[in-house]
Amino acid sequence: MTSPFHYEPGAAQGPVPPPECPAHGLGIGPGGLRRFYGPEAERDPHGLYDKLRAEHGTVAPVLLHGDVPAWLVLGHSENLHMTRTPSQFSRDSRRWRALQDGTVAPDHPLAPIFTWQPICVFADGATHERQRGAVTDSMARIDHRGVRRHVNRYSNRLVNEFCQNGRVDLVSRFAERLPMMVMCAILGMPEEYNDRMVQAARDMTRGTATAVASNAYVLDALTRLVQRRRREPADDFATWLVEHPAGMNDQEVSEHLRLILIASYEATANLIANVLRMVLTDPRFRARLSGGHMTVPEAVEQTLWDEPPFTAVFGRWAVGDTELGGKQIKAGDALIVGIAPGNTDPMVRPDLGADMEGNRAHLAFSGGPHECPGQDIGRAIADVGVDALLMRLPDLELAVEESELSWVGNIMGRHLVELPADFAARAPQDDKEPPSMGRPNVPRQDWEVQSTARHTAPTPGRASGQAPAPAATSVTGAAGATYTVTVTDQSAPAPAGNSAVGRIPQQRGTSAPARLWRTVSRWWSGN
């Protein structure tokens with residue numbers, strides 16, 4: 001099959017609908033090709049995928065902003081082949097023929113996405129391995145338990161801001177804020193978290209007139225961070241990149257921090273919003289979740305199949321003339337990783353209503369050597385954030401008709417504009433400062449198990465009411481190791497005036513050692 005891009009870029013030949021023709025509203029551009037931008041693509045992307053699949057198969061020609069031609073890969077296996085074969089499909093955007101001949105200008109709306117930068121996503125081979133290695137090694141230093149504690153704390157802090165109102169927009173007040181709060185803390189710039197940073201992060205990937213300015217705002221904040229970490233190292237991601245043996249310069253570090261911040265933020269904000277929408281609009285989904293038949297992580301994984309946070313990733317560029325999905329791809333052609341259409345490919349998912357829990361074969365985080373290195377952090381933010389929200393507000397209900405929900409779309413994805421929800425107003429809760437996310441927990445060599453309920457320490461001068469000393473019991477494990485178990489006798493009466501009186505049931509005293517022994521036994525056996 002011949003390439004549909006037989007015309008020179010910017011000078012498309014073929015029938016062009018007249019201005020009054022309804023085809024203009026259907027996203028038909030020069031050469032009769034469908035536009036991968038504009039009202040149709042934003043309003044009904046899945047409908048557009050179906051049309052392209054019916055017309056062209058697993059690889060379809062489309063038009064980007066300015067009617068610049070590109071290939072959209074719709075097939076699941078074709079997407080995997082493209083992402084896993086950098087020798088044929090490079091991430092170096094400087095190979096793009098439209099850039100080389102000037103068809104695409106530096107101020108193109110998609111410039112923040114495709115403009116080459118000295119970072120791993122635009123590199124292949126040894127350069128990619130060096131830069132990606134620094135990112136991966138630094139990711140490995142993040143304490144995931146600490147991240148989850150921060151996510152839980154920030155989630156409760158956000159809920160405290162609106163829990164007394166009885167109504168909230170879960171997109172603007174939760175889904176868009178939580179990921180930025182967490183990512184700024186991970187990177188080492190919590191002071192930079194504000195509404196302007198949230199707005200800039202969302203704007204710079206939308207292909208808007210202000211995308212370039214938003215990109216500059218974010219990059220300026222990250223550049224200041226890198227310069228500060230050169231002078232004042234800290235226990236955060238920015239410092240780990242600065243000090244990594246890969247020897248990145250300031251520009252490389254700044255650009256990689258921008259990549260990590262924006263990709264993680266955009267993906268996680270969309271993921272949280274999509275999960276919450278499914279909870280509020282799909283009764284079966286919510287019933288399975290609230291009934292214990294589905295966990296929050298399983299709900300997140302199902303959402304990654306049905307409504308991935310990035311619907312497409314631009315792009316790959318053909319190293320030479322090749323073939324993909326029966327189409328002849330020319331050297332310098334641009335290709336788009338079709339995440340959402342790949343997830344609904346009939347060859348791998350003939351029944352779109354089937355549960356995909358536990359199946360991670362989706363393309364939500366791309367694939368190959370450029371697969372998202374921070375996907376586990378994104379999952380953690382979504383898992384803990386959604387769980388914390390539903391724990392605090394289990395009675396959340398959609399405040400509008402589902403048909404009233406609207407989305408804003410772009411080449412990379414779409415996100416909910418609003419998700420209004422009602423709930424019973426309630427008082428705020430205290431939040432406590434968790435340990436640093438950058439310091440892994442120190443493994444304990446000596447274990448001490450204590451009852452979860454503790455009495456208040458006796459006040460000096462009240463010797464007559466002093467509780468008896470804890471009794472130490474030796475526990476021998478299956479391997480012969482001996483552990484000390486400290487059991488506090490809770491059956492003794494508490495001193496007069498002790499605030500614990502009335503809050504600790506008296507019958508707990510006689511059964512606590514038995515429960516404690518069962519707990520230790522289950523822990524030792526791995527249950």
Side-chain angles (χ1 to χ4, degrees), residues 26-27 33-62 70-84 266-267 270-279 281-282 284-285 288 294 298-316 324-327 335-368 371-372 375 378-379 382 402 405 407-416:
L26 296 178
L33 301 182
R34 294 188 181 276
R35 292 187 170 102
F36 197 50
Y37 69 98
E40 181 186 16
E42 295 178 7
R43 182 177 60 252
D44 184 18
H46 293 286
L48 177 59
Y49 303 148
D50 291 341
K51 293 176 183 177
L52 290 170
R53 204 189 306 272
E55 295 167 357
H56 302 283
T58 57
V59 179
V62 295
W71 296 97
L72 174 62
V73 183
L74 302 162
H76 188 275
S77 62
E78 287 78 8
N79 272 293
L80 287 179
H81 175 74
M82 177 174 61
T83 57
R84 292 173 177 176
E266 182 74 14
N270 288 344
L271 179 57
I272 292 174
N274 291 339
V275 172
L276 292 175
R277 181 188 66 83
M278 292 184 71
V279 169
T281 61
D282 189 333
R284 294 173 301 172
F285 192 88
R288 296 180 62 218
M294 174 191 289
E298 288 173 339
V300 168
E301 218 62 40
Q302 180 72 40
T303 306
L304 289 171
W305 275 101
D306 296 337
E307 197 74 37
F310 287 122
T311 56
V313 173
F314 182 66
R316 297 294 193 280
L324 183 66
K327 303 298 189 297
L335 299 97
I336 304 167
V337 181
I339 293 175
N343 280 357
T344 57
D345 185 348
M347 294 298 294
V348 297
R349 201 177 172 196
D351 181 8
L352 296 181
D355 294 333
M356 305 299 288
E357 301 164 19
N359 188 332
R360 291 193 173 188
H362 53 72
L363 303 172
F365 298 107
S366 190
E371 184 174 1
C372 176
Q375 56 185 275
R379 281 188 174 100
E402 184 178 355
L405 300 178
W407 284 259
V408 172
N410 57 61
I411 186 175
M412 296 183 66
R414 65 174 193 160
H415 72 268
L416 277 170

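The analysis underlying the following values was restricted to heavy atoms, covering all of them including side chains, and did not include hydrogens, waters or symmetry mates.
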Just list the side-chain donor-acceptor pairs under 3.5 Å for residues 360-368, sequence neighbours left out, or say none.
from: His362; atom 1: ND1; to: Ala364; atom 2: N; distance (Å): 3.3
from: His362; atom 1: NE2; to: Glu301; atom 2: OE2; distance (Å): 2.8

Salt bridge flag under 4.0 Å for residues Arg277 and Asp306: no
Pairing of Lys51 and Glu40 as salt bridge, 4.0 angstrom limit: yes
Taking the side chain from [X] and the backbone from [Y], do they hold a donor-acceptor pair closer than 3.5 Å?
{"X": "Lys327", "Y": "Gly57", "result": "no"}
{"X": "Asn79", "Y": "Ile339", "result": "no"}
{"X": "Trp305", "Y": "Asn359", "result": "yes"}

Of all heavy-atom pairs between [X] and [Y], which one has the smallest distance, and what is that distance?
{"X": "Ala354", "Y": "Gln302", "result": "O-NE2, 3.9 Å"}
{"X": "Val348", "Y": "Gly342", "result": "CG2-O, 4.1 Å"}
{"X": "Thr303", "Y": "Met278", "result": "OG1-SD, 3.4 Å"}
{"X": "Val73", "Y": "Pro341", "result": "O-CG, 4.3 Å"}

Check whether any side-chain heavy atom of [X] sits under 4.5 Å from a side-chain heavy atom of [Y], and report yes or no.
{"X": "Val408", "Y": "His415", "answer": "yes"}
{"X": "Arg414", "Y": "Pro45", "answer": "yes"}
{"X": "Thr311", "Y": "Tyr49", "answer": "yes"}
{"X": "Asn270", "Y": "Pro308", "answer": "no"}
{"X": "Leu335", "Y": "Leu324", "answer": "yes"}

Residue list, salt bridge (Lys or Arg N to Asp or Glu O under 4.0 Å) with Glu371, at least two apart or on another chain: none
Derivation of the side-chain contact (heavy atoms from CB on, under 4.5 Å) call for Arg316 and Thr83: CA-CA 8 Å; Arg316 297 294 193 280; Thr83 57; 3.6 Å; yes
Could you measure the distance from the [atom1] atom of [X] to the [atom2] atom of [Y]? Nearest 0.5 Å is fine.
{"X": "Leu72", "Y": "Glu78", "atom1": "CG", "atom2": "CD", "result": "11.5 Å"}
{"X": "Leu352", "Y": "Asn343", "atom1": "CG", "atom2": "CG", "result": "10.0 Å"}
{"X": "Glu55", "Y": "Leu33", "atom1": "CD", "atom2": "CG", "result": "10.0 Å"}

Single hit among Thr344, Thr58, Asp345 for side-chain contact (heavy atoms from CB on, under 4.5 Å) with His76: Asp345
Sole residue of Tyr37, Phe36, Phe310 in side-chain contact (heavy atoms from CB on, under 4.5 Å) with Ile411: Phe36
